Amino acid sequence: MWDELNYRGLVHVSTDAGELKALLSGPPITFYCGFDPTAPSLHLGNLVQILVMRRLQLAGHKPLGLVGGSTGLIGDPRPSAERTLNTKETVAEWVGYLQGQVARFLSFEGDNAARMVNNLDWTAPLSAIDFLRDIGKYFRVGTMLKKDAVSARLNSDAGISYTEFSYQILQGMDFLELYRSYGCVLQTGGSDQWGNLTSGTDLIHRAEGVSVHAIGTPLITNSDGTKFGKSEGNAVWLDPALTSPYAFYQFWLNTDDADVIERLKIFTFLSRAELEVLERAVETEPFRREAQRTLAYEVTALVHGVPATDSAIAAAGALFGQGDLAALSSDTLGAAIAELPSFAVTRETTITDALLGTGLVASLSEARRAIAQGGVYLNNVKVADESVQVAGSLLAGGFAVLRRGKKTLAGLTAAE
RNA sequence: GGCGAGUUACCCAAGUGGCCAAAGGGAUCUGACUGUAAAUCAGACUGCUUCGCAUUCGGGGGUUCGAAUCCCUCACUCGCCA
(Lines give C-alpha, C1' and ligand atoms only; values in the text may rest on other atoms or scores of the structure.)
Protein backbone atom coordinates (compact mmCIF):
# COMPACT_ATOMS: atom_id res chain seq x y z
CA MET A 1 0.00 0.00 0.00
CA TRP A 2 2.83 2.37 0.88
CA ASP A 3 4.49 1.66 -2.46
CA GLU A 4 1.18 2.18 -4.20
CA LEU A 5 0.74 5.63 -2.63
CA ASN A 6 4.25 6.55 -3.68
CA TYR A 7 3.73 5.29 -7.22
CA ARG A 8 0.70 7.54 -7.51
CA GLY A 9 2.71 10.49 -6.30
CA LEU A 10 0.54 10.89 -3.25
CA VAL A 11 3.27 11.17 -0.67
CA HIS A 12 4.99 14.54 -0.52
CA VAL A 13 6.06 14.48 3.11
CA SER A 14 5.57 11.92 5.84
CA THR A 15 6.81 10.71 9.16
CA ASP A 16 9.28 7.80 9.12
CA ALA A 17 8.84 5.98 5.80
CA GLY A 18 10.03 2.59 7.05
CA GLU A 19 7.59 2.54 9.93
CA LEU A 20 4.75 3.72 7.73
CA LYS A 21 5.43 1.01 5.20
CA ALA A 22 5.31 -1.64 7.93
CA LEU A 23 2.22 -0.10 9.49
CA LEU A 24 0.29 0.00 6.23
CA SER A 25 1.14 -3.56 5.24
CA GLY A 26 0.36 -4.92 8.71
CA PRO A 27 -2.99 -5.47 10.42
CA PRO A 28 -5.71 -2.85 9.92
CA ILE A 29 -5.04 0.50 11.51
CA THR A 30 -7.36 3.41 12.17
CA PHE A 31 -6.56 6.66 10.39
CA TYR A 32 -8.23 10.01 9.91
CA CYS A 33 -8.45 12.97 7.61
CA GLY A 34 -10.21 16.22 8.39
CA PHE A 35 -12.20 18.66 6.30
CA ASP A 36 -13.12 22.14 7.46
CA PRO A 37 -16.49 23.61 6.55
CA THR A 38 -15.33 26.82 4.88
CA ALA A 39 -17.85 26.48 2.04
CA PRO A 40 -21.12 24.62 1.45
CA SER A 41 -19.31 21.99 -0.60
CA LEU A 42 -15.96 20.28 -0.90
CA HIS A 43 -13.89 20.94 -4.01
CA LEU A 44 -11.31 19.11 -6.08
CA GLY A 45 -8.47 19.75 -3.64
CA ASN A 46 -10.46 17.87 -1.02
CA LEU A 47 -11.18 15.08 -3.46
CA VAL A 48 -7.50 14.11 -3.37
CA GLN A 49 -7.82 13.51 0.36
CA ILE A 50 -11.10 11.68 0.07
CA LEU A 51 -9.65 9.32 -2.49
CA VAL A 52 -6.59 8.67 -0.34
CA MET A 53 -9.00 7.65 2.41
CA ARG A 54 -10.82 5.40 0.01
CA ARG A 55 -7.57 3.80 -1.12
CA LEU A 56 -6.55 3.11 2.46
CA GLN A 57 -9.95 1.69 3.27
CA LEU A 58 -9.86 -0.58 0.24
CA ALA A 59 -6.53 -1.84 1.58
CA GLY A 60 -8.31 -2.87 4.78
CA HIS A 61 -7.75 0.10 7.07
CA LYS A 62 -10.40 1.93 9.08
CA PRO A 63 -11.16 5.53 8.14
CA LEU A 64 -12.40 8.25 10.43
CA GLY A 65 -13.86 11.09 8.41
CA LEU A 66 -13.65 14.25 10.44
CA VAL A 67 -15.58 17.37 9.59
CA GLY A 68 -14.32 20.35 11.51
CA GLY A 69 -17.31 21.80 13.29
CA SER A 70 -14.95 23.58 15.66
CA THR A 71 -11.88 24.19 13.51
CA GLY A 72 -14.21 25.61 10.85
CA LEU A 73 -15.23 28.24 13.37
CA ILE A 74 -11.62 29.27 13.93
CA GLY A 75 -10.13 29.21 10.45
CA ASP A 76 -6.93 27.61 9.25
CA PRO A 77 -4.37 30.35 8.55
CA ARG A 78 -4.00 30.94 4.83
CA PRO A 79 -0.71 32.42 3.62
CA SER A 80 -2.39 35.50 2.16
CA ALA A 81 -4.75 36.92 4.73
CA GLU A 82 -6.99 36.43 7.71
CA ARG A 83 -10.22 34.56 7.07
CA THR A 84 -13.62 36.11 7.56
CA LEU A 85 -15.44 34.21 10.26
CA ASN A 86 -18.71 32.56 9.34
CA THR A 87 -21.59 32.35 11.77
CA LYS A 88 -22.00 29.25 13.90
CA GLU A 89 -25.30 28.47 12.18
CA THR A 90 -23.70 28.60 8.74
CA VAL A 91 -20.81 26.40 9.77
CA ALA A 92 -23.15 23.88 11.38
CA GLU A 93 -25.17 23.72 8.17
CA TRP A 94 -22.04 23.20 6.07
CA VAL A 95 -20.82 20.45 8.40
CA GLY A 96 -23.90 18.48 7.42
CA TYR A 97 -23.27 18.95 3.71
CA LEU A 98 -19.62 17.97 3.92
CA GLN A 99 -20.29 14.89 6.00
CA GLY A 100 -22.65 13.67 3.32
CA GLN A 101 -20.09 14.29 0.60
CA VAL A 102 -17.24 12.52 2.36
CA ALA A 103 -19.46 9.62 3.37
CA ARG A 104 -20.30 8.82 -0.25
CA PHE A 105 -16.75 7.70 -0.94
CA LEU A 106 -16.36 5.44 2.08
CA SER A 107 -17.92 2.19 3.11
CA PHE A 108 -19.78 2.03 6.41
CA GLU A 109 -20.05 -1.72 6.46
CA GLY A 110 -17.78 -4.62 7.31
CA ASP A 111 -14.86 -5.01 9.69
CA ASN A 112 -13.22 -1.79 8.65
CA ALA A 113 -16.35 0.34 8.47
CA ALA A 114 -15.76 4.06 8.30
CA ARG A 115 -17.03 6.44 10.94
CA MET A 116 -17.79 10.14 10.72
CA VAL A 117 -16.76 12.40 13.57
CA ASN A 118 -17.09 16.10 14.37
CA ASN A 119 -14.45 17.83 16.46
CA LEU A 120 -17.05 20.18 17.90
CA ASP A 121 -18.20 17.20 20.00
CA TRP A 122 -15.05 17.25 22.12
CA THR A 123 -14.01 20.86 21.71
CA ALA A 124 -17.25 22.59 22.64
CA PRO A 125 -17.51 21.14 26.18
CA LEU A 126 -13.92 22.08 26.97
CA SER A 127 -13.54 25.20 29.10
CA ALA A 128 -10.91 27.81 28.24
CA ILE A 129 -9.14 27.07 31.53
CA ASP A 130 -9.00 23.32 30.94
CA PHE A 131 -7.85 23.93 27.39
CA LEU A 132 -4.96 26.12 28.53
CA ARG A 133 -3.97 23.84 31.43
CA ASP A 134 -4.40 20.40 29.86
CA ILE A 135 -3.49 21.08 26.25
CA GLY A 136 -1.73 24.44 26.14
CA LYS A 137 1.07 23.25 28.41
CA TYR A 138 2.24 20.80 25.75
CA PHE A 139 2.71 23.50 23.14
CA ARG A 140 5.81 25.66 22.91
CA VAL A 141 5.32 29.06 21.37
CA GLY A 142 8.70 28.89 19.65
CA THR A 143 7.64 25.76 17.79
CA MET A 144 4.27 27.21 16.94
CA LEU A 145 5.87 30.34 15.49
CA LYS A 146 8.08 28.29 13.21
CA LYS A 147 5.19 26.59 11.42
CA ASP A 148 5.08 27.72 7.82
CA ALA A 149 1.50 28.89 7.98
CA VAL A 150 2.25 31.10 10.96
CA SER A 151 5.66 32.43 9.97
CA ALA A 152 4.45 33.29 6.47
CA ARG A 153 1.77 35.43 7.97
CA LEU A 154 4.07 37.01 10.54
CA ASN A 155 6.39 38.02 7.73
CA SER A 156 3.57 39.41 5.63
CA ASP A 157 1.99 42.75 6.36
CA ALA A 158 -1.30 41.05 7.10
CA GLY A 159 -0.13 39.65 10.43
CA ILE A 160 -2.11 36.95 12.19
CA SER A 161 -4.79 36.97 14.83
CA TYR A 162 -4.55 34.95 18.04
CA THR A 163 -7.58 33.02 16.80
CA GLU A 164 -5.85 31.63 13.73
CA PHE A 165 -2.58 31.23 15.59
CA SER A 166 -4.40 28.79 17.87
CA TYR A 167 -5.66 26.67 15.00
CA GLN A 168 -2.75 24.23 15.10
CA ILE A 169 -3.50 23.42 18.74
CA LEU A 170 -7.07 22.52 17.92
CA GLN A 171 -6.03 20.25 15.11
CA GLY A 172 -3.39 18.65 17.29
CA MET A 173 -6.03 18.06 19.90
CA ASP A 174 -8.23 16.29 17.36
CA PHE A 175 -5.55 13.74 16.64
CA LEU A 176 -4.98 13.16 20.36
CA GLU A 177 -8.69 12.73 20.97
CA LEU A 178 -9.04 10.27 18.09
CA TYR A 179 -5.98 8.38 19.28
CA ARG A 180 -7.53 8.02 22.72
CA SER A 181 -11.05 7.19 21.57
CA TYR A 182 -10.39 5.04 18.53
CA GLY A 183 -6.70 4.19 18.57
CA CYS A 184 -6.16 6.36 15.50
CA VAL A 185 -2.46 6.29 14.55
CA LEU A 186 -2.32 8.03 11.16
CA GLN A 187 -3.50 11.35 9.83
CA THR A 188 -3.47 12.27 6.16
CA GLY A 189 -3.83 15.73 4.68
CA GLY A 190 -2.47 18.16 2.13
CA SER A 191 1.21 19.02 2.47
CA ASP A 192 0.16 22.60 3.21
CA GLN A 193 -1.31 21.05 6.36
CA TRP A 194 2.01 19.54 7.39
CA GLY A 195 2.44 21.92 10.30
CA ASN A 196 -0.97 20.97 11.61
CA LEU A 197 -0.36 17.26 11.07
CA THR A 198 2.87 17.29 13.05
CA SER A 199 1.23 19.38 15.73
CA GLY A 200 -0.89 16.28 16.38
CA THR A 201 1.89 13.73 16.25
CA ASP A 202 4.00 15.89 18.59
CA LEU A 203 1.14 16.31 21.03
CA ILE A 204 0.48 12.58 21.18
CA HIS A 205 4.17 11.97 21.68
CA ARG A 206 4.28 14.35 24.62
CA ALA A 207 0.94 13.44 26.17
CA GLU A 208 0.96 9.70 25.60
CA GLY A 209 4.57 8.86 24.89
CA VAL A 210 3.57 7.18 21.65
CA SER A 211 4.75 7.72 18.06
CA VAL A 212 1.96 8.10 15.54
CA HIS A 213 2.14 8.99 11.86
CA ALA A 214 1.21 11.56 9.26
CA ILE A 215 1.26 11.69 5.47
CA GLY A 216 1.15 14.95 3.53
CA THR A 217 -0.06 14.70 -0.06
CA PRO A 218 1.40 17.04 -2.66
CA LEU A 219 -0.36 20.18 -3.66
CA ILE A 220 -1.75 19.67 -7.15
CA THR A 221 -0.57 22.30 -9.59
CA ASN A 222 -1.00 22.80 -13.31
CA SER A 223 2.17 22.62 -15.34
CA ASP A 224 1.38 25.98 -16.94
CA GLY A 225 1.45 27.63 -13.55
CA THR A 226 -2.26 28.34 -13.18
CA LYS A 227 -4.23 27.09 -10.21
CA PHE A 228 -5.55 23.57 -10.32
CA GLY A 229 -9.25 23.13 -9.72
CA LYS A 230 -10.45 26.36 -11.26
CA SER A 231 -12.69 26.49 -14.27
CA GLU A 232 -13.70 29.86 -15.72
CA GLY A 233 -11.98 31.30 -12.68
CA ASN A 234 -14.41 29.48 -10.39
CA ALA A 235 -13.70 26.55 -8.12
CA VAL A 236 -14.83 23.13 -9.28
CA TRP A 237 -17.14 21.78 -6.58
CA LEU A 238 -18.23 18.26 -5.82
CA ASP A 239 -21.82 19.36 -5.25
CA PRO A 240 -23.69 18.95 -8.57
CA ALA A 241 -25.81 21.99 -7.69
CA LEU A 242 -22.66 24.16 -7.68
CA THR A 243 -20.75 22.50 -10.53
CA SER A 244 -22.93 20.51 -12.89
CA PRO A 245 -21.77 17.02 -13.89
CA TYR A 246 -21.47 18.40 -17.42
CA ALA A 247 -19.11 21.20 -16.30
CA PHE A 248 -17.28 18.73 -14.09
CA TYR A 249 -16.71 16.36 -17.00
CA GLN A 250 -15.59 19.22 -19.23
CA PHE A 251 -13.12 20.37 -16.62
CA TRP A 252 -11.32 17.02 -16.69
CA LEU A 253 -11.58 16.66 -20.43
CA ASN A 254 -9.66 19.91 -20.83
CA THR A 255 -6.70 18.67 -18.84
CA ASP A 256 -3.30 19.59 -20.24
CA ASP A 257 -1.36 16.72 -21.86
CA ALA A 258 1.52 17.42 -19.52
CA ASP A 259 -0.68 16.84 -16.47
CA VAL A 260 -3.07 14.13 -17.50
CA ILE A 261 -1.11 11.06 -16.40
CA GLU A 262 -0.39 12.51 -12.99
CA ARG A 263 -4.10 13.28 -12.64
CA LEU A 264 -5.07 9.73 -13.60
CA LYS A 265 -2.79 8.38 -10.91
CA ILE A 266 -4.21 10.60 -8.25
CA PHE A 267 -7.88 10.74 -9.15
CA THR A 268 -8.66 7.32 -10.57
CA PHE A 269 -8.35 3.72 -9.45
CA LEU A 270 -7.00 2.46 -12.77
CA SER A 271 -4.29 -0.16 -12.53
CA ARG A 272 -0.67 0.43 -13.27
CA ALA A 273 -0.96 -1.47 -16.56
CA GLU A 274 -3.91 0.63 -17.69
CA LEU A 275 -2.08 3.81 -16.79
CA GLU A 276 0.94 2.78 -18.83
CA VAL A 277 -1.20 2.17 -21.90
CA LEU A 278 -2.67 5.65 -21.58
CA GLU A 279 0.73 7.18 -21.04
CA ARG A 280 1.86 5.77 -24.38
CA ALA A 281 -1.33 7.03 -26.00
CA VAL A 282 -0.54 10.58 -24.88
CA GLU A 283 2.86 10.32 -26.47
CA THR A 284 1.93 8.73 -29.75
CA GLU A 285 -1.49 10.14 -30.55
CA PRO A 286 -2.22 13.04 -28.22
CA PHE A 287 -4.86 14.48 -30.54
CA ARG A 288 -7.20 11.61 -29.69
CA ARG A 289 -7.12 12.68 -26.05
CA GLU A 290 -7.77 9.16 -24.89
CA ALA A 291 -6.18 9.81 -21.51
CA GLN A 292 -8.30 12.93 -21.01
CA ARG A 293 -11.47 11.08 -21.98
CA THR A 294 -10.68 8.27 -19.58
CA LEU A 295 -9.83 10.67 -16.80
CA ALA A 296 -13.00 12.67 -17.31
CA TYR A 297 -15.14 9.56 -17.41
CA GLU A 298 -13.58 7.89 -14.39
CA VAL A 299 -13.63 10.88 -12.10
CA THR A 300 -17.08 12.06 -13.10
CA ALA A 301 -18.48 8.57 -12.63
CA LEU A 302 -16.82 8.32 -9.25
CA VAL A 303 -18.22 11.62 -8.04
CA HIS A 304 -21.57 11.87 -9.81
CA GLY A 305 -22.35 8.29 -10.80
CA VAL A 306 -22.48 6.59 -14.16
CA PRO A 307 -25.93 7.80 -15.34
CA ALA A 308 -25.04 11.47 -14.77
CA THR A 309 -21.71 10.93 -16.51
CA ASP A 310 -23.38 9.34 -19.51
CA SER A 311 -25.74 12.27 -19.88
CA ALA A 312 -22.86 14.70 -19.57
CA ILE A 313 -21.07 12.90 -22.38
CA ALA A 314 -24.20 12.73 -24.52
CA ALA A 315 -24.80 16.43 -23.99
CA ALA A 316 -21.22 17.24 -24.98
CA GLY A 317 -21.57 15.06 -28.06
CA ALA A 318 -24.71 16.88 -29.15
CA LEU A 319 -23.40 20.37 -28.41
CA PHE A 320 -19.85 19.99 -29.67
CA GLY A 321 -20.77 17.85 -32.64
CA GLN A 322 -19.84 19.22 -36.03
CA GLY A 323 -23.35 18.55 -37.19
CA ASP A 324 -26.16 21.05 -37.43
CA LEU A 325 -27.88 21.69 -34.13
CA ALA A 326 -31.15 21.99 -36.02
CA ALA A 327 -30.81 18.35 -37.00
CA LEU A 328 -31.04 17.20 -33.40
CA SER A 329 -34.36 16.01 -32.04
CA SER A 330 -36.01 18.16 -29.41
CA ASP A 331 -35.49 15.36 -26.87
CA THR A 332 -31.76 15.20 -27.49
CA LEU A 333 -31.45 18.95 -27.50
CA GLY A 334 -33.56 19.34 -24.39
CA ALA A 335 -31.51 16.75 -22.50
CA ALA A 336 -28.29 18.46 -23.52
CA ILE A 337 -29.53 21.87 -22.51
CA ALA A 338 -30.67 20.51 -19.16
CA GLU A 339 -26.96 20.07 -18.37
CA LEU A 340 -26.22 23.73 -18.97
CA PRO A 341 -27.08 26.94 -17.21
CA SER A 342 -30.20 28.13 -18.97
CA PHE A 343 -32.49 31.08 -19.30
CA ALA A 344 -36.06 31.49 -20.44
CA VAL A 345 -36.52 33.98 -23.24
CA THR A 346 -39.53 35.91 -24.49
CA ARG A 347 -40.20 37.58 -27.81
CA GLU A 348 -38.50 40.77 -26.61
CA THR A 349 -35.33 39.18 -25.24
CA THR A 350 -32.25 40.45 -27.05
CA ILE A 351 -28.98 38.65 -27.42
CA THR A 352 -27.37 40.82 -24.73
CA ASP A 353 -30.21 40.09 -22.30
CA ALA A 354 -29.78 36.39 -22.99
CA LEU A 355 -26.03 36.52 -22.37
CA LEU A 356 -26.63 38.26 -19.07
CA GLY A 357 -29.52 36.02 -18.12
CA THR A 358 -27.55 32.83 -18.59
CA GLY A 359 -24.61 34.17 -16.62
CA LEU A 360 -22.30 33.93 -19.62
CA VAL A 361 -21.34 37.56 -19.01
CA ALA A 362 -21.43 39.68 -15.87
CA SER A 363 -22.75 42.92 -17.35
CA LEU A 364 -24.30 44.39 -20.45
CA SER A 365 -21.01 46.09 -21.24
CA GLU A 366 -19.28 42.75 -21.15
CA ALA A 367 -21.96 41.29 -23.42
CA ARG A 368 -21.40 44.06 -25.97
CA ARG A 369 -17.68 43.62 -25.78
CA ALA A 370 -17.95 39.88 -26.28
CA ILE A 371 -20.09 40.39 -29.37
CA ALA A 372 -17.77 43.08 -30.74
CA GLN A 373 -14.84 40.69 -30.32
CA GLY A 374 -16.68 38.04 -32.27
CA GLY A 375 -16.96 35.68 -29.34
CA VAL A 376 -20.68 35.05 -29.21
CA TYR A 377 -22.50 32.33 -31.12
CA LEU A 378 -26.17 31.52 -31.22
CA ASN A 379 -26.77 27.95 -32.42
CA ASN A 380 -23.18 27.93 -33.70
CA VAL A 381 -23.71 31.04 -35.80
CA LYS A 382 -21.57 34.04 -34.91
CA VAL A 383 -23.60 36.97 -33.66
CA ALA A 384 -22.68 40.36 -35.12
CA ASP A 385 -25.56 42.56 -34.01
CA GLU A 386 -25.99 43.18 -30.30
CA SER A 387 -29.63 44.17 -30.60
CA VAL A 388 -31.03 41.06 -32.30
CA GLN A 389 -33.85 39.26 -30.58
CA VAL A 390 -33.25 35.61 -29.92
CA ALA A 391 -36.80 34.25 -30.06
CA GLY A 392 -36.57 33.75 -33.83
CA SER A 393 -33.62 31.42 -33.42
CA LEU A 394 -35.25 28.83 -31.20
CA LEU A 395 -34.92 25.32 -32.57
CA ALA A 396 -37.00 22.20 -32.08
CA GLY A 397 -38.83 22.16 -28.76
CA GLY A 398 -38.17 25.86 -28.21
CA PHE A 399 -34.51 25.50 -27.39
CA ALA A 400 -31.43 27.40 -28.49
CA VAL A 401 -27.76 27.08 -27.68
CA LEU A 402 -25.85 30.20 -26.74
CA ARG A 403 -22.08 29.99 -26.78
CA ARG A 404 -19.34 32.31 -25.64
CA GLY A 405 -15.91 31.58 -26.98
CA LYS A 406 -15.08 28.07 -28.02
CA LYS A 407 -16.53 26.07 -25.20
CA THR A 408 -18.60 28.05 -22.74
CA LEU A 409 -22.20 27.10 -23.40
CA ALA A 410 -25.61 27.97 -22.07
CA GLY A 411 -29.12 26.99 -23.06
CA LEU A 412 -32.08 29.17 -23.94
CA THR A 413 -35.63 27.98 -23.58
CA ALA A 414 -38.90 29.57 -24.58
CA ALA A 415 -40.73 31.25 -21.72
CA GLU A 416 -44.25 29.96 -20.80
C1' G B 1 -0.81 53.45 26.02
C1' G B 2 3.03 56.45 22.83
C1' C B 3 5.39 57.22 18.07
C1' G B 4 5.95 56.09 12.94
C1' A B 5 4.31 53.83 8.21
C1' G B 6 0.33 52.25 5.36
C1' U B 7 -5.03 51.15 3.11
C1' U B 8 -5.34 52.16 -5.18
C1' A B 9 -9.54 47.96 -9.68
C1' C B 10 -9.74 39.97 -8.94
C1' C B 11 -4.21 39.84 -6.92
C1' C B 12 0.61 42.43 -6.83
C1' A B 13 1.84 47.38 -7.76
C1' A B 14 2.85 52.77 -9.94
C1' G B 15 0.73 57.43 -9.29
C1' U B 16 1.69 62.78 -4.24
C1' G B 17 -3.51 69.00 -7.18
C1' G B 18 -5.51 69.32 -13.67
C1' C B 19 -2.27 65.56 -19.27
C1' C B 20 -6.08 59.73 -14.26
C1' A B 21 -11.24 55.41 -15.58
C1' A B 22 -6.01 55.69 -13.11
C1' A B 23 1.28 53.06 -15.67
C1' G B 24 3.20 48.04 -15.33
C1' G B 25 2.86 42.71 -14.15
C1' G B 26 -0.12 38.40 -12.99
C1' A B 27 -4.93 36.16 -13.29
C1' U B 28 -9.23 36.16 -16.40
C1' C B 29 -12.00 36.71 -21.18
C1' U B 30 -12.05 36.96 -26.75
C1' G B 31 -9.68 36.21 -31.62
C1' A B 32 -5.78 33.64 -34.74
C1' C B 33 -3.14 28.80 -34.80
C1' U B 34 -4.84 23.79 -32.86
C1' G B 35 -6.58 18.36 -30.58
C1' U B 36 -12.87 21.26 -26.58
C1' A B 37 -4.40 20.66 -25.24
C1' A B 38 0.10 23.60 -24.43
C1' A B 39 3.18 27.43 -26.24
C1' U B 40 2.94 31.88 -29.20
C1' C B 41 0.85 36.38 -31.30
C1' A B 42 -3.21 40.12 -31.20
C1' G B 43 -7.22 42.51 -28.60
C1' A B 44 -10.24 43.24 -24.18
C1' C B 45 -10.62 43.70 -18.95
C1' U B 46 -15.85 49.79 -13.60
C1' G B 47 -20.90 50.55 -15.23
C1' C B 48 -24.49 52.51 -18.55
C1' U B 49 -29.42 54.68 -22.57
C1' U B 50 -21.26 53.62 -25.21
C1' C B 51 -18.52 59.08 -30.77
C1' G B 52 -21.11 60.51 -24.72
C1' C B 53 -22.42 60.10 -19.60
C1' A B 54 -22.10 58.26 -14.56
C1' U B 55 -19.44 56.12 -10.48
C1' U B 56 -14.36 54.48 -8.52
C1' C B 57 -8.44 54.99 -5.55
C1' G B 58 -10.43 52.17 3.14
C1' G B 59 -15.41 55.16 5.38
C1' G B 60 -17.24 60.17 6.39
C1' G B 61 -16.43 65.44 6.18
C1' G B 62 -13.62 69.76 4.31
C1' U B 63 -10.16 73.11 1.15
C1' U B 64 -10.11 74.20 -4.28
C1' C B 65 -12.56 76.37 -10.55
C1' G B 66 -10.52 71.24 -10.13
C1' A B 67 -8.46 65.90 -5.42
C1' A B 68 -6.35 59.02 -5.81
C1' U B 69 -3.14 63.22 -4.77
C1' C B 70 -3.90 68.73 0.42
C1' C B 71 -6.55 69.15 5.54
C1' C B 72 -9.77 66.93 9.54
C1' U B 73 -11.93 62.64 11.45
C1' C B 74 -13.23 57.43 11.98
C1' A B 75 -12.01 52.28 10.95
C1' C B 76 -8.48 48.65 9.88
C1' U B 77 -3.26 46.76 9.04
C1' C B 78 2.04 46.73 9.92
C1' G B 79 6.49 48.26 12.64
C1' C B 80 9.15 50.30 16.87
C1' C B 81 8.79 51.63 22.03
C1' A B 82 6.08 50.59 26.78
Side-chain angles (χ1 to χ4, degrees), chain A residues 77-85 150-165 221-236 246-264 278-279 281-297 300 312-323 325 336 339-340 350-353 355-356 358-378 380 382-387 401-410:
Chain A
R78 283 181 297 190
S80 52
E82 195 79 8
R83 287 180 190 271
T84 314
L85 294 177
V150 173
S151 71
R153 284 279 292 280
L154 283 174
N155 291 328
S156 79
D157 54 7
I160 185 166
S161 67
Y162 184 70
T163 308
E164 291 193 3
F165 176 60
T221 53
N222 290 339
S223 55
D224 61 7
T226 54
K227 259 189 188 162
F228 167 74
K230 299 271 178 172
S231 165
E232 309 285 312
N234 298 312
V236 176
Y246 171 82
F248 191 87
Y249 180 87
Q250 288 295 317
F251 169 81
W252 292 104
L253 189 62
N254 284 311
T255 302
D256 189 335
D257 290 357
D259 297 323
V260 69
I261 296 300
E262 177 202 296
R263 297 292 139 83
L264 281 163
L278 290 170
E279 193 161 8
V282 174
E283 279 165 22
T284 56
E285 35 187 16
F287 51 89
R288 292 188 56 200
R289 292 180 299 140
E290 199 182 331
Q292 277 89 342
R293 283 177 212 284
T294 309
L295 176 66
Y297 181 83
T300 311
I313 294 173
L319 299 168
F320 275 102
Q322 300 305 314
L325 283 172
E339 302 287 330
L340 306 172
T350 62
I351 186 75
T352 47
D353 294 335
L355 283 165
L356 197 56
T358 52
L360 246 34
V361 298
S363 69
L364 280 179
S365 296
E366 198 176 318
R368 293 200 188 91
R369 244 181 262 133
I371 293 168
Q373 291 179 140
V376 175
Y377 303 80
L378 184 58
N380 288 343
K382 185 176 285 191
V383 175
D385 178 2
E386 62 180 53
S387 63
V401 177
L402 190 58
R403 174 157 63 91
R404 183 187 184 194
K406 274 181 287 193
K407 51 198 178 190
T408 313
L409 297 159

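The chains referred to below are lettered A, B, ... by the order of the sequence lines, with proteins before strands, and numbering in each begins at 1. Just so you know, these numbers come straight off a predicted model, no measurement behind them.
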Report task. Could you let me know what B:G17 is paired to, Watson-Crick or G-U wobble, both distances under 3.5 Å, or none if it's on its own? Result -> none
Report task. Go ahead and name the base partner of B:A67; Watson-Crick or wobble counts if both distances stay under 3.5 Å, otherwise write none. Result -> none
**Report entry** Pair assignment for B:C3, Watson-Crick or G-U wobble, requiring both distances under 3.5 Å
**Finding:** B:G79
Query raised in the report: For B:G24, which nucleotide in any strand shown is its Watson-Crick or wobble partner with both distances under 3.5 Å?
Result: B:C12
Query raised in the report: Which residues pass the salt bridge (charged side-chain N to carboxylate O under 4.0 Å, His left out) test with A:Glu82, sequence neighbours left out?
Result: A:Arg153
Requested in this report: Could you check A:Ala370 against A:Leu154 and say which one's nearest nucleotide on RNA chain B is further toward the 5' end?
Outcome: A:Ala370
Query raised in the report: A:Ser365 side chain: which of B:A37, B:G35, B:U50 is closest?
Result: B:U50
Query - Under 4.0 Å protein heavy-atom contact, by nucleotide of nucleotides 38-45 of chain B - B base, S sugar-phosphate only - result: SS---BSS
Query raised in the report: Paired with B:C41 by Watson-Crick or G-U wobble geometry, both distances under 3.5 Å: which nucleotide is it?
Result: B:G31
Requested in this report: Please measure how far the P atom in B:A22 lies from the corresponding atom in B:U30, and state the result in whole Å.
Outcome: 24 Å
Report task. Kindly indicate whether the side chain of A:Lys230 and the base of B:U28 share any N or O donor-acceptor pair separated by less than 3.5 Å? Result -> no
Query raised in the report: With both distances under 3.5 angstrom, what nucleotide forms a Watson-Crick or G-U wobble pair with B:U46?
Result: B:A54
